[in-house]
Amino acid sequence: MSDIKVSINNGESTILPAGSLAKTAVAELLSNKQRKRTVAVFINGEVVDLCTPLTEDSVLTPIQTGSAEALSVLRHSTAHIMAEAVRDVFGTEVKVAIGPSIEDGFYYDFDRKEPFTPEDFEKIEARMTEIIRKAVPFTRSKVSSESAIERFSAEGEKYKVELIKDLGVPTVSLYEQGSFSDLCRGPHLPDTSFVKAFKLLRVAGAYWRGDEKNDMLQRIYGTAFFDKKALKKHLNALEEAKKRDHRKLGKELELFTIQDEIGPGLIMWQPKGALLRKLIEDYWKDAHYQNDYELLYTPHIARQDLWKTSGHLDFYGENMYSSMDIDDVQYQLKPMNCPFHIGIYNSRRWSYREMPIRWCELGTVYRYERAGALHGLLRVRGFTQDDAHIFCMPEQLEDEIFNILDLNLQILKTFGFDKYEIYLSTRPDKYVGSDEHWEQSTEALKLALEKKGLAYTIDPGEGVFYGPKIDIKIKDMLGRSWQCSTIQVDFNLPERFEMTYTGKDNQDHQPIMIHRALMGSLERFIGVLIEHYAGVFPLWFAPVQARILNITDSQIDYCNEIYAAFRKAGIRIEKDLRNEKLNYKIREAQMAKIPYMLIIGDKEKDSHTVTLRLRNGDNIADMSIDDFIEKIKQECEDGKNS
RNA sequence: GCUCAUGUAGCUCAGUCGGUAGAGCGCAUCCUUGGUAAGGAUGAGGUCAACGGUUCAAAUCCGUUCAUGAGCUCCA
C-alpha cells in the first residue's frame, strides 16, 4: 500500500499509509489539547468524521469545539444517543424516524403508541448519561442499500426502509454506537463522551415527513453543548424569552386581551395598548406623508364579484371567510386591501405625468388561520396591515423599490431594528406575466438592493405567482428572526382590473403595481416590539411616559395642578395619589415600566418643581415643570429620529 | 385541522383516596400621612371552561365541545 501526505490547514504535514484514519492524522499533527477539541474534519470542504479512511493526499481542516459545525455534529450525535436511550428504556417496539440537529439543538421522531411524559424524560436522560459516561465510539459502515433494507425490514423499521428506498442510491452509510444502529449520513463525534451537557426540552407531535396524511410521530426536542456553562446560558436565554413573552407582558401591562367570548385570534386593545398603537400609527402616517405617500381608507367588505375579478377567490379563497347576504347580493370580508386601492385608481383616468402614485392605508383585514396556528398577537385572524400600493411605469420600478427600501429600513431602525436578513424571491414554476416582465422587474429589485448597498440572499422560485418579491426578516434583541416587511411586484392585478394610464404617446399603458408592507401587521409588529423591548418601551411610544407619585395627602392639590399642566402639554401622564407609602407606589410604577416617576413632596410643592426617578432606579435632581416638559419633548424627538 | 398537555377568584397557583373550594397578589372599607421596589386590620369576590354520563355523592372518574400551550403545517 502506498503512502499519502496529510497536512492540517496546509501547515504541518505527515506521511501515512493510505487508508489511515483521519483520527490518526489528527493525533499525529495536533497537540493533545487541540486533538481533544477536534470532533470532525473538513476534507475538500466536506465535513467528515474522524474515522474516515484517507485514500489520497489530503488537507484536513479540524472542526473543533467552539465552532458552529462542531456544535451541529455534537447535537446530531446526541440525537442518536437519545434514540439509543429511548430504545433501551422502552424497547425496540419503539420505531425511529429521523433525528437531525436543528438551530438550537436537535430532535428525534419516534413512533410509539404511549405518549412520552416528563417522567419518561428523566429515565431517558439518566440512560443517556450512562451511555455518555461509557465513551462509546461512533462507528461508520458502508453497506449496500439492498442489505440495509433487508436489515431494517427485519427489524420493522419501516421509516428507515422508506428513506433508503427514496434515496435511490446503491450504498448507504450506517452509524453505530453501542446497541443502536442508524441510517445516517453523519458525521458524528468520535465517541459519546464528547457530550458534556444536554437536556431534553419537550415533546410534540410531528407528522412523518411533515405531511399530515402520514403517521403522527412523537418528536422529542433537546439541546446539547460541549460544556455545562453554555447549556446553562442557553437555558437562561429560554427563561429570558419566556419573561419577554408578549402574551404575558401584554396581560401584565394591560395592552391587549383575547377572549373566548369574542373569538380566537381576535385582538381587543386595552387603553394602554390602543395608545401604544396610536403612537405607532401616527409615526407611520407622518413618515409616509413626508415620503410623498397619500393616505387612503377603504371598507372592510366588498361584493363577492370583486374577489372573483381579483382572483382572490380562486387563489386565496381558503383563507377567506364565507360570504354574507346583503339584499340578495353576496359580500365578503377582505383578506387584502389591494382591490380597493385599485378601485380608487380606476375611479378616474391617469396621465404618465402623475406617475408614480403612492397610496398607503392601515387596512384591517381578516384571514382564516387554522386553529393550531393562532398565537397571541403574532398570528391572528383579524389584523391591520401597514399596506401601500405603488403604481408606476416600468422605468420607474427600480427607483420606487429603492425608495421603499429606504423608508422601510428607516422605520425599522426607528423601532430599534437594525439587523436583518434580506431575501429576493424569483419566479416560481407557476406564474403569470411575460418572461420579459419577470426578468426586468427581478433585475430592478436586484439593482435597487445593490444601490442601497444591501446584502441579500436569492430564494430561487419562491416568488409569488404574480411577481418577484423582497422579504426582510428583522432580528430582535434575543437574536430571533421575524419576517415583517415584504415588497412584491405584481403583473397580475393591473391586468385583471384593466388598469391603464395615458402615456406620452397618447396611448393606454398598463402600470406596474407594487404591494408592500413594512411592519407586516400592526398586531404582529407590536407583538415583536413587546418582546424586543421586554415591555420597556422607548419614551416616544411608551403609552405612559410619567406618573405622579405624591408622598402625603398635603400635596394632592399641587399634583392635580401639574397633572393638568402636563396633559395640556401633551405629556402622557398618570397620577397615583392613593393613600399608600412612597415605596409601594414606586414599586408599582417600576413594574409598569413607566419611564419617569415624578416624586412630589412638600419640597417640590414649595419650590414648584418635580423630582424624577427613572425606571432603571436612577434619580435626577428636581427640575421645573417647564424644563421637564421640554426634556420629554426633546427625548421623544431624538427617539423618533434615531 | 392533527398529536400530546392544560383549563379552579381579576392575576399567579394549591386542592391527597370522589364527600358541593383554598392561598398570595389585586380590589373595597377602616387605621396609618409614611421621601425612592410591598405598613396593618377587616371584608367582598367562584355554576371549579361548557354540555352530557357514571355514582348515594363529581373540581376530582368517563365522553363530547370550546379555548389555551408545545409542535406538525401555513404565513403577515
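Residue numbers begin at 1 in each chain, while the letters A, B, ... track the order of the sequences. Everything numeric in this text was worked out from a predicted model, so none of it was measured.
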Q: Quick one: label A:V365 by what it contacts on the DNA or RNA (base, sugar-phosphate, nothing), any heavy atom closer than 4.0 Å.
A: nothing

Q. Within the structure shown, what part of the strands sits under 4.0 Å from A:R112 by heavy-atom distance: base, sugar-phosphate, or nothing?
A. nothing

Q) For residues A:E531 and A:H246, is any side-chain donor paired with an opposing acceptor at under 3.5 Å? A) yes

Q. Side chain of A:Q488: nearest nucleotide among B:rA76, B:rU73, B:rA70?
A. B:rA76

Q: Tell which nucleotide pairs with B:rU54, taking only Watson-Crick or G-U wobble pairs whose two distances are both under 3.5 angstrom.
A: none

**Q.** d(CZ, A:R219; P, B:rU3) in whole Å
**A.** 16 Å

Q.
At 4.0 Å (heavy atoms only), tell me whether A:N619 reaches a base, stays on the sugar-phosphate, or touches nothing.
A. base

Q: Go ahead and name the base partner of B:rA59; Watson-Crick or wobble counts if both distances stay under 3.5 Å, otherwise write none.
A: none

Q: Just call it for A:G210: base, sugar-phosphate, or nothing, with non-hydrogen atoms closer than 4.0 Å on any strand.
A: sugar-phosphate

Q | Pairing partner (Watson-Crick or G-U wobble, both distances under 3.5 angstrom) of B:rC4 | A | B:rG69

Q) So does A:R516 pair up with A:E400, basic N to acidic O under 4.0 Å? A) no

Q: May I ask you to say whether A:D471 pairs ionically with A:K473, meaning some side-chain N is under 4.0 Å from a carboxylate O?
A: no

**Q.** A:Y466 and A:H515 aromatic ring geometry - parallel, tilted or perpendicular at 30°/60° bounds
**A.** tilted

Q) Between A:K581 and B:rU36, is there a side-chain N or O to OP1/OP2 distance below 4.0 Å? A) no

Q) Base, sugar-phosphate alone, or nothing: which one does A:L374 contact when heavy atoms must sit under 4.0 Å apart? A) sugar-phosphate

Q. Base, sugar-phosphate, or nothing: which does A:R381 touch, judged by heavy atoms less than 4.0 Å apart?
A. nothing

Q: Could you check how far CD of A:E588 sits from C1' of B:rC11, rounded to whole Å?
A: 13 Å

Q: May I ask you to say what A:S485 touches in the nucleic acid, namely base, sugar-phosphate or nothing, with a heavy-atom cut-off under 4.0 Å?
A: nothing

Q. Any donor-acceptor pair under 3.5 Å linking the side chain of A:Y108 with the backbone of A:G222?
A. no

Q: From the options B:rU36, B:rG34, B:rA70, select the nucleotide whose nearest atom is closest to the side chain of A:R202.
A: B:rA70

Q) How close or far is atom P of B:rU33 from atom CD of A:Q555, stated in whole angstroms? A) 14 Å

Q: Under 4.0 Å between any heavy atoms, over every strand shown, what does A:F116 touch: base, sugar-phosphate, or nothing? Just pick one.
A: nothing

Q. Taking the side chain of A:I551 as its heavy atoms from C-beta onward, which of B:rC72, B:rG34, B:rG39 lies nearest to it?
A. B:rG34

Q: Considering only atom P, compute the distance from B:rG18 to B:rG24 and round it to an integer number of Å.
A: 28 Å

(Q) What's the closest nucleotide to the side chain of A:R379 if the choices are B:rG1, B:rG35, B:rA76? (A) B:rA76

Q: Determine the interatomic distance between P on B:rC62 and the same-named atom on B:rU6; round to the nearest Å.
A: 11 Å

**Q.** Interatomic distance, A:E114 CD vs B:rA5 C1' [rounded to whole Å]
**A.** 17 Å

Q: Identify whether any heavy atom of A:K585 sits under 4.0 Å from a base atom; if not, whether one sits that close to sugar-phosphate; answer base, sugar-phosphate or nothing.
A: nothing

Q) Any chance the side chains of A:K575 and A:N550 put a donor and an acceptor closer than 3.5 Å? A) no

Q) What nucleotide, of B:rA37, B:rG26, B:rA76, holds the atom closest to the side chain of A:Y584? A) B:rG26

Q: For A:D602, answer base if it contacts any base atom (sugar-phosphate contacts may also be present), sugar-phosphate if it contacts only those atoms, and nothing otherwise; contact means non-hydrogen atoms under 4.0 Å.
A: base

Q) Hey, are A:D215 and A:K95 close enough for a salt bridge, meaning a charged N less than 4.0 Å from a carboxylate O? A) no

Q) With distance as the sole criterion, do the side chain of A:N583 and the base of B:rU36 form a donor-acceptor contact below 3.5 Å? A) no

Q. Under the 3.5 angstrom rule, does the side chain of A:Q545 hit a backbone N or O of A:Y596 as a donor-acceptor pair?
A. no

Q. Are any of the side-chain nitrogens in A:D120 or A:R112 under 4.0 Å away from the carboxylate oxygens of its partner?
A. yes

(Q) Rounded to whole Å, please give me the gap between CG in A:L378 and C1' in B:rC74. (A) 15 Å

Q.
Short of 4.0 Å, heavy atom to strand atom, which residues of residues 409-431 of chain A count as contacting RNA chain B?
A. none

(Q) Taking B:rA23 as the reference, what is the distance to B:rC56 when you measure between their P atoms (whole Å, please)? (A) 33 Å

Q) So what does A:A517 hit on the nucleic acid, given a heavy-atom distance under 4.0 Å: a base, only sugar-phosphate, or nothing? A) nothing

**Q.** Inter-nucleotide C1' distance (B:rG63, B:rG71), Å rounded
**A.** 26 Å

Q) Should the ring pair A:F465 and A:F315 be called parallel, tilted or perpendicular, given that the plane angle runs from 0 to 90° and is split at 30 and 60? A) parallel

Q: Indicate yes or no: does A:E239 engage A:K243 in a salt bridge with an N to O separation below 4.0 Å.
A: no

Q. If pairing requires Watson-Crick or G-U wobble contacts with both distances under 3.5 Å, which nucleotide is the partner of B:rC74?
A. none

Q: Select one nucleotide: of B:rC74, B:rA70, B:rG35, the one nearest the side-chain heavy atoms of A:A204.
A: B:rA70

Q: Mark yes or no for a side-chain to base donor-acceptor pair under 3.5 Å between A:Y207 and B:rG1, with no hydrogen or angle criteria applied.
A: yes

Q) Which nucleotide sits closest to the side chain of A:P264: B:rG39, B:rA67, B:rC2? A) B:rA67

Q. To the nearest Å, how far apart are A:I220 CD1 and B:rC72 P?
A. 15 Å

Q: Hunt down the Watson-Crick or G-U wobble partner of B:rU47, both distances under 3.5 Å, from any strand shown, or write none.
A: none

**Q.** Base partner of B:rA9, which must satisfy Watson-Crick or wobble distances under 3.5 Å
**A.** none

Q. Is A:Y316 near enough to B:rC74 that one of its side-chain N or O atoms lies under 4.0 angstrom from OP1 or OP2?
A. no

Q. How are the rings of A:H80 and A:H76 set to each other: parallel, tilted or perpendicular (split at 30° and 60°)?
A. perpendicular

Q: Side chain of A:D553 only, please: which of B:rU36, B:rA70, B:rU33 is the nearest?
A: B:rU33

Q: Scan every strand shown for a Watson-Crick or G-U wobble partner of B:rC30, both distances under 3.5 Å, and answer none if you come up empty.
A: B:rG40

(Q) For the P atoms, the ones on B:rA59 and on B:rC51, what distance do you get once it is rounded to whole angstrom? (A) 12 Å

Q | Euclidean distance for C1', B:rU33 against B:rA14 (whole angstrom) | A | 37 Å

Q: For the side chain of A:M216, starting at C-beta, report the closest nucleotide among B:rU36, B:rA38, B:rC2.
A: B:rC2

Q. If you check every side-chain atom of A:R587, which of B:rG35, B:rA37, B:rG71 has the closest atom?
A. B:rA37

**Q.** Polar side-chain contact A:E369-B:rA76 base: donor and acceptor under 3.5 Å
**A.** yes

Q. Contact class for A:Q590 vs. all strands (heavy atom < 4.0 Å): base, sugar-phosphate, or nothing?
A. base

Q: Starting at atom CG of A:N616, determine the distance to atom C1' of B:rA37, rounded to an integer number of angstrom.
A: 13 Å

**Q.** B:rA37 phosphate, OP1 or OP2, under 4.0 Å from A:R613 side-chain N/O
**A.** yes

Q: Examine B:rU68: is either OP1 or OP2 under 4.0 Å from a nitrogen or oxygen in the side chain of A:H375? Give yes or no.
A: no

Q: Report the base-pairing partner of B:rG18 (Watson-Crick or G-U wobble, both distances below 3.5 angstrom), or none.
A: none

Q) Expressed in angstrom and rounded to an integer, what is the separation of A:W208 atom CH2 from B:rG71 atom C1'? A) 17 Å

